[in-house]
Amino acid sequence: EGLARTATTWPGCRSFRLVRDRNDEMYAATFSEWDDLEAHNRFVRDSRVMWLGQALARMCLPTETRFLDVIPNAAPPIGA
């Protein structure tokens, strides 16, 4: 929750959510939307949040980072 609060006050962060698998408490994911990749990289670098991925890797817990782009002219989300 603290990480989400920090991220959403950062310049360029549009949204940030932390979710956890209800069947496996060890699995969590963050979903965030940024103005651009540089804004995200600045947050990771300047907030020093990179330690989290490094700590998880040392505990042999897999981490993965993916950068996704919005598909132009896609259908609106279900229920929108």
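- Side-chain contact between Arg17 and Thr30 is absent, with no heavy atoms from C-beta onward closer than 4.5 Å.
- The shortest non-hydrogen separation linking Arg5 to Thr9 is O-CG2, 3.3 Å.
- Heavy-atom neighbours of Arg45 CZ from other residues, nucleotides or ligands within 6.0 Å: above the threshold of 12.
- For Glu25, the CD atom sits in a loose shell: 12 or fewer heavy atoms of surrounding residues, nucleotides or ligands are nearer than 6.0 Å.
- Residues Thr8 and Trp10 bring no donor and acceptor atom of their side chains to less than 3.5 Å of each other.
- The CH2 atom of Trp34 sits 9.5 Å away from the OG atom of Ser15 when rounded to the nearest 0.5 Å.
- No side-chain heavy atom of Thr6 sits less than 4.5 Å from a side-chain heavy atom of Phe16.
- Contact record, Gly12 with Ala39: CA-CB, 4.0 Å, taken as the closest heavy-atom pair.
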